[in-house]
Number of protein chains: 2
Amino acid sequence: MSALTNAIDILRCFSTSRPDLSFADVQVLTGKPKSSTSRLLRSLRDCGLLEQDPHSRRYRPGLLTFELGRLHRAHDDLIATAERELRDVCARTGHTGYIAVLDGYQQVVLRIVPGSNPLRVVNPPGQRTPAIITSNGRAMLARLSDQEIRARVPLDYPKVPANSPQNFPELMARLNEIRRTGISDAADEAIEGVGSQGFALASGESGELIGIAVSYSVQATTEIERANVRRELGAMAAKLRRMTGDPLGQTIEQLAGLAS
Amino acid sequence: MSALTNAIDILRCFSTSRPDLSFADVQVLTGKPKSSTSRLLRSLRDCGLLEQDPHSRRYRPGLLTFELGRLHRAHDDLIATAERELRDVCARTGHTGYIAVLDGYQQVVLRIVPGSNPLRVVNPPGQRTPAIITSNGRAMLARLSDQEIRARVPLDYPKVPANSPQNFPELMARLNEIRRTGISDAADEAIEGVGSQGFALASGESGELIGIAVSYSVQATTEIERANVRRELGAMAAKLRRMTGDPLGQTIEQLAGLAS
DNA sequence: CCGTTTGTTCCATTCTGCGGAACGTAGTCC
DNA sequence: GGACTACGTTCCGCAGAATGGAACAAACGG
């Protein structure tokens with residue numbers, strides 16, 4: 001375990017559900033001795049990756065993470081292009097749009113396009129979710145080789161909501177359907193009462209892979225409306241794939257992002 | 001030099017003006033041997049703090065920085081309160097609002113409230129600027145003790161635009177004026193043709209210090225309009241200081257953020 | 001006033017990270 | 001096509017940074 005590895009282990013304890021942590025929290029979550037925890041937290045604070053609230057003494061991500069986070073994919077063509085198209089679709093349909101990337105068997109939300117419908121955004125940018133329980137997450141997985149998928153999904157299949165694939169064969173069945181149709185959907189999975197449809201988009205030149213989804217309230221939409229979303233998404237996918245030179249036939253072998 | 005220090009030195013090479021870097025860039029900027037650069041970049045990439053474009057082989061901040069950056073001060077009351085008030089002022093005046101924090105003798109933009117006037121935002125969130133050349137930056141410095149200010153500003157005073165304080169005595173004169181009036185202003189400094197007025201706000205309980213500014217085109221505003229902005233800011237400052245229990249009399253001694 | 005909780009500092013041991021040098025690997029110029 | 005150059009990775013012996021148990025300190029509570 002290098003010093004950097006230990007530092008990262010601490011940083012990975014933070015999440016949207018745990019935006020700040022006490023010394024004890026970190027010690028429990030990392031399982032490291034007190035002395036090591038103390039030294040590492042001090043180092044991280046001194047270098048700006050963490051801040052410490054002077055009153056509560058709790059730690060939170062530091063200014064440096066904010067600065068760097070603002071630079072992440074700030075000039076990414078694939079995402080900018082996709083976001084423009086997604087904005088149009090969301091304006092027409094009123095629903096909320098998401099753009100996410102894959103990291104291991106999880107996805108991370110990068111961009112949100114709020115719709116006009118008052119569906120509160122509970123998946124803010126930075127949100128990490130198992131890819132197997134979202135429409136765009138599964139769409140991204142479907143673009144990988146079967147071998148790659150198996151390597152990413154944990155051996156003991158995670159506990160997932162009732163509507164999500166409950167085991168590896170069920171997952172592969174859903175992914176194969178996505179491979180046929182090009183479109184993925186979900187309902188009542190990550191969030192109760194919320195449905196979504198999505199697809200994956202790859203760049204021909206950079207090999208990047210992103211997942212795009214439109215999400216809506218299941219109760220407040222009719223079958224007709226969902227069919228309309230599907231048409232919109234199909235047109236958007238076709239247009240974007242042309243623009244980005246998406247090599248639809250081949251599977252993507254990403255370099256980074258191993259299963260954790 | 002610990003491994004973490006070296007890693008941070010690399011991360012600090014990235015900025016809004018350098019959102020991605022090649023191996024050679026990093027080597028030059030850090031002045032480290034090739035072997036060390038190679039190993040460090042690999043480590044940073046493997047742990048998610050950096051990503052590498054598979055085509056150009058250039059490095060950029062990684063997914064982890066994005067996730068953490070979204071958590072930074074996500075639940076900060078002082079900033080949320082200030083942003084709400086600033087939003088009102090910007091809606092009324094049409095100008096662009098900024099909220100920044102101090103880090104050493106520099107400031108970092110945390111929030112932007114776009115105005116209705118079409119003044120292109122050239123200071124995106126995450127932007128780092130010498131605090132001595134902005135209205136809210138000087139307002140924040142003015143809240144520190146003279147000793148603290150001297151410790152933060154580099155010994156060889158930096159080269160600054162013509163309208164900014166050109167040396168330490170000039171700076172102190174401006175800061176003392178801000179201490180008297182409670183309001184700070186700037187014109188044609190960080191950006192040609194842009195002026196701003198601002199103030200600093202401290203929280204009574206947490207000891208946090210933030211700088212708030214409203215910025216406008218110098219050419220497109222009249223003296224009358226600028227006086228109006230000043231009144232708006234004065235009222236906003238008074239209201240916010242009451243709400244946050246700002247200890248206006250005392251100087252703030254921040255724990256973190258030494259001069260670099 | 002003493003026990004408990006919580007976090008920091010100390011210090012001998014270990015093993016990681018360091019950097020010079022050797023080693024690939026392309027690209028480029030005659 | 002062959003030598004040269006630019007660029008980056010791997011190797012390896014040594015220095016010194018990181019480690020974690022234990023002692024220490026501080027805050028808290030009954």
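A, B, ... follow the sequence lines: proteins, then strands. Residue 1 opens every chain.
Within a 6.0 Å sphere centred on CZ of A/Arg42, heavy atoms belonging to other residues, nucleotides or ligands number 12 at most.
Rounded to an integer number of Å, the gap from NZ of B/Lys32 to P of D/dG8 is 18 Å. Taking atom NE2 of residue A/His55 and atom C1' of nucleotide D/dA27, one finds them 14 Å apart after rounding to whole Å. In this structure, B/Lys34 places its NZ atom 16 Å from C1' of C/dC18, rounding to the nearest Å. One can place CG of A/Asp9 at 15 Å from C1' of D/dA18, the figure rounded to the nearest angstrom. In this structure, CZ of B/Arg42 is placed 16 Å from C1' of C/dC18, rounded to the nearest angstrom. Atom CG in A/Leu41 sits about 8 Å away from atom P in C/dT8, given to the nearest Å. Here D/dA17 presents its C1' atom at 13 Å from CE of B/Met1, a figure rounded to the nearest Å. Atom CZ of B/Arg45 and atom C1' of D/dG8 are 12 Å apart (whole Å).
With contacts defined as side-chain heavy-atom distances shorter than 4.5 Å, the pair B/Asp25/B/Arg58 qualifies. Residues B/Leu11 and B/Leu50 are in side-chain contact: their nearest non-hydrogen atoms beyond the backbone lie under 4.5 Å apart.
B/Ser38 has a side-chain polar atom (N or O) that falls below the 4.0 Å cut-off from OP1 or OP2 of D/dT9. Residue A/Arg57 places no side-chain N or O under 4.0 Å from the OP1 or OP2 atom of C/dT6. A/Ser36 has no side-chain polar atom (N or O) that falls below the 4.0 Å cut-off from OP1 or OP2 of D/dT19. Here A/Asn6 does not reach the OP1 or OP2 of D/dA18: none of its side-chain N or O atoms lies under 4.0 Å away. For the OP1/OP2 pair of C/dC18 and a distance below 4.0 Å, the side-chain nitrogens and oxygens of B/Ser35 include no atom meeting the criterion.
The base of C/dG7 lies outside donor-acceptor range of the side chain of A/Arg39, with no N or O pair under 3.5 Å.
A donor and an acceptor atom, one from each side chain of A/Thr134 and A/Asn136, are located under 3.5 Å apart.
A cation-pi contact, defined as under 6.0 Å to the ring centre and within 45° of the axis, is absent between A/Arg45 and A/Tyr59.
Between A/Gln27 and A/Thr5, the residue anchored closer to the 5' end of DNA chain C is A/Gln27, taking for each the nucleotide with the nearest heavy atom. Both A/Tyr59 and A/Ala3 lie near DNA chain C, and the one whose nearest nucleotide falls closer to the 5' end is A/Tyr59.
Note on B/Ser2: only backbone sugar-phosphate atoms sit closer than 4.0 angstrom, heavy atoms only; bases stay farther off.
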